[in-house]
Amino acid sequence: MATLIITEKSSQAKDLRAALGDRYGRILPAEGHLLRLAEPDEVNPDWKRWAPTLLKPDGLYPTRPDSGGNKTAKLAAIKAALKGCDQVILATDCDREGQLIGQEILEHLGFRGRVQRALFTAQDPKTIRDAFAKLKPNNELRPLYEAAVARQQADQIFNLSLTRTATKTLLAPGTRGVIGIGRVKTPTLSIVCLRELEIRNFKPEDYFAVVAPATAAGGSFLMRHAPPPKARIKDRARAEAIARAADGHGGPLSVTVEDRRQAPPKLYDLPALQKTCGQRWGWTADRTLEVAQELYDGEGKKLITYPRAEARYLSESQIADVPAITGALTRLRGFAHLDISRPVIRRGKSGHFCDKALEGVSHHAIVPNVNVLDDLESRLNRLTDDEKRLYALICRSYLAAVMPDYEYRQTTVLMNVPVEGKPVVFRAVGRIPLKLGWKAAFGSAETDGKPDEKEEEQTLPPLADGEPARLSDPRVEAKRTQAPPRYNEGTLVDAMQNAWRFVEDPALRDRLKEAKGIGTPATRAEIIKGLRRQNLLGADGKWLVPTPAGLQLFETLRGAAPTLVDPGTTALWEMRLDEVVVGRADFRSVIDGIADEAGRLIGVLVGNQGPAVDLGVRGGPIRAGRGAGRRRSTSSRAAGAPPRTPPREPAGAAGFRRAAAPLSRRPYRTRNSTP
């Protein structure tokens, strides 16, 4: 019996060949989606002309071979191999989209033989061999495939129909451009717009703290009365009264000494890496992904694991790689001072190695590639400065993860000062490092990207609990509240991943946490680029700001069709797709429900009487040629055009007023979307 194994990408095929040889059969890679959905005008010629029309065919959109990159050759190779096979093993990513990528090829080519499924979240040899020893019948995953089909079809109908409708109904006369509507793109725009409005409407408030030197037997130090935000002193006269009471006050100190420890931070997934690189070096999200991708599959490099990671854990089988990786890295000059002769292995969700945390996830955290350690120095010599910088960051993260906890001694000193008969607490905090532990991996020039406690610290003299001290020369410090910062690309990616924070409904918040926000690690940077390309977002230095057109579009949609700007909508789509996966809903009924919602929103936009949106591009109307208004692959995307292969996503959103359609009328969303 001849067997063909289909992987999602070439790197998977290479890893499978190394782990399995030809034991199970020939291994051929796809290149992501080898197929696309037909263009609207390929289904209905009348849909070639842009109009406020629901682009829903009688059945499903059929698939067509995609021509981007090497896709034509890859599909042809798989088609030829299938002619001599009676069994296929799908070894694509184990999530919903991976199931679609593999199974849609077999459906399109009409394969009728036996199909089995290999499920793995890491690509080390042991994990791969274990997965192939436990193959599952592919028909057991049919509901997952149908949920993916529903996501793909719904995205096409919803996003393209509403993009065309918004462009025809909202675009200012005499201007060009595309007003792209997407179930991830539009909520992402709203996140930035809401922050901008929050900044513009921010009214700073003055508040005060009181600082006084304290003198004890062992020496002097500063004590401070600075209540938490909800109890801030906003009346200067009150602060001055506290200062007068503190001047010359003597009394016993309450001294608490605690030995504490801090575990290392989580390993990097792509969003965390993009956020760190944006904060540290001012990189855009796209730049971070570009450099990481070159480290992953650049010629003669391949130094890190898959960069579009969506988890911050490693599988427990990868514990076996720790000695080899730490040994190789600590032979490099930059890490030679680190002693990791006895690595610390932290299991479970509070640690770094956790199989349970990887359930339903396709890619583990980004770490150094264990398979190239014998040739490490020569590969490092091929790197650019930015590649060296990013590789060092990923190495530091891995090394820190298997080093001991940071241990320190914290001394907290309190003194009560009576003010108008009530005690007011003055406080001082000191911290003495005992064992650097994992912090040694980051050195003095770098941090782990996770700030320690924000409380001001100092070196304290020897102090005993109950010993007397005296305050003198107090002063009032005037402070002012600050508006929240604008987003840069890294922090916007983080906001997209944690969009559940913008949602008030507990069920939606929980679902968005599970879905890891709106967009996927692979698509968020492209979504931001798309918003900038369409002149809906601009930049002020490293900060992202909505353009006048972006703010106007947001205000228009928030008033007329708030479901379009609410990240929480995606959670409802995910809930409906969950019902397909567990067999409680038919995937066609989910598509129909989303199409009905799209039809309702088309009517809302057609009836909108608000001001037109000026994208700032002069000229005649857009040309509605083939493919206009649908997704395009990132390699061939024109300015303003949504991408062909839908980005995967999850969702979430808080502070977004649900002033419109009732919950039952909201569209049910999926993980992929157009920018």
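The structure displayed is predicted, hence computed values, not measured ones.
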Output the distance between atom [atom1] ([X]) and atom [atom2] ([Y]), rounded to the nearest 0.5 Å.
X: D15; Y: Y306; atom1: CG; atom2: OH; answer: 12.5 Å
X: L358; Y: L314; atom1: CG; atom2: CG; answer: 7.5 Å
X: R347; Y: I319; atom1: CZ; atom2: CD1; answer: 3.5 Å
X: E574; Y: L508; atom1: CD; atom2: CG; answer: 11.5 Å

Polar contact flag, side-chain donor to acceptor under 3.5 angstrom, [X]-[Y]:
X: E377; Y: N381; answer: no
X: Q497; Y: R524; answer: no
X: Y313; Y: K266; answer: yes
X: Q87; Y: T3; answer: yes
X: N488; Y: Q279; answer: no

Would you say [X] and [Y] make side-chain contact, with heavy atoms under 4.5 Å?
X: L303; Y: L380; result: yes
X: L75; Y: L35; result: yes
X: F132; Y: R129; result: no
X: L390; Y: L383; result: no
X: R389; Y: V291; result: no
X: D321; Y: V367; result: no

Parallel, tilted or perpendicular: rings of W438 and F442 (30°, 60°):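 Answer is perpendicular, since the angle exceeds 60°.
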Main-chain N/O of [Y] paired with [X] side-chain donor or acceptor, under 3.5 Å:
X: R346; Y: H352; result: no
X: S397; Y: L393; result: no
X: R331; Y: G327; result: yes
X: R117; Y: T92; result: yes
X: D86; Y: A2; result: yes
X: R17; Y: I27; result: yes
X: E31; Y: N70; result: yes
X: E140; Y: P137; result: no
X: T491; Y: Y487; result: no
X: E489; Y: A285; result: yes

Exceeds 12 heavy-atom contacts within 6.0 angstrom, atom [atom1] of [X]:
X: R23; atom1: CZ; answer: yes
X: K302; atom1: NZ; answer: yes
X: D259; atom1: CG; answer: yes
X: K388; atom1: NZ; answer: yes

Salt-bridge contact D130-K126 (side-chain N to carboxylate O under 4.0 Å): yes
R382 with E299: basic N within carboxylate O range, under 4.0 Å: no
Compare every heavy atom of [Y] with every heavy atom of [X], then report the nearest pair and how far apart it is.
X: T305; Y: A365; value: OG1-O, 3.3 Å
X: K9; Y: T7; value: O-OG1, 3.0 Å
X: A309; Y: D269; value: O-CB, 3.5 Å
X: A292; Y: I304; value: O-CD1, 3.4 Å
X: D93; Y: E8; value: N-OE1, 2.9 Å
X: Y398; Y: P368; value: CB-CD, 3.7 Å

Member of Q152, R36, H108 meeting the side chain to side chain donor-acceptor pair (under 3.5 Å) criterion with T63: H108
Test log, rule salt bridge (charged side-chain N to carboxylate O under 4.0 Å, His left out), inputs R584 and D578: CA-CA 9 Å; R584 289 202 298 262; D578 291 344; over 6 Å; no
E387 vs K301, salt bridge (charged side-chain N to carboxylate O under 4.0 Å, His left out): CA-CA, chis, key distance, verdict: CA-CA 10 Å; E387 289 164 4; K301 298 172 185 175; 3.1 Å; yes
Residue pair L577, R96: steps toward the side chain to side chain contact (heavy atoms under 4.5 Å, CB included) verdict: CA-CA 10 Å; L577 294 170; R96 189 173 64 203; 3.5 Å; yes
From CA spacing to verdict: side-chain hydrogen bond (donor to acceptor under 3.5 Å, both in side chains), N138, Q99: CA-CA 9 Å; N138 188 61; Q99 188 66 26; 2.9 Å; yes
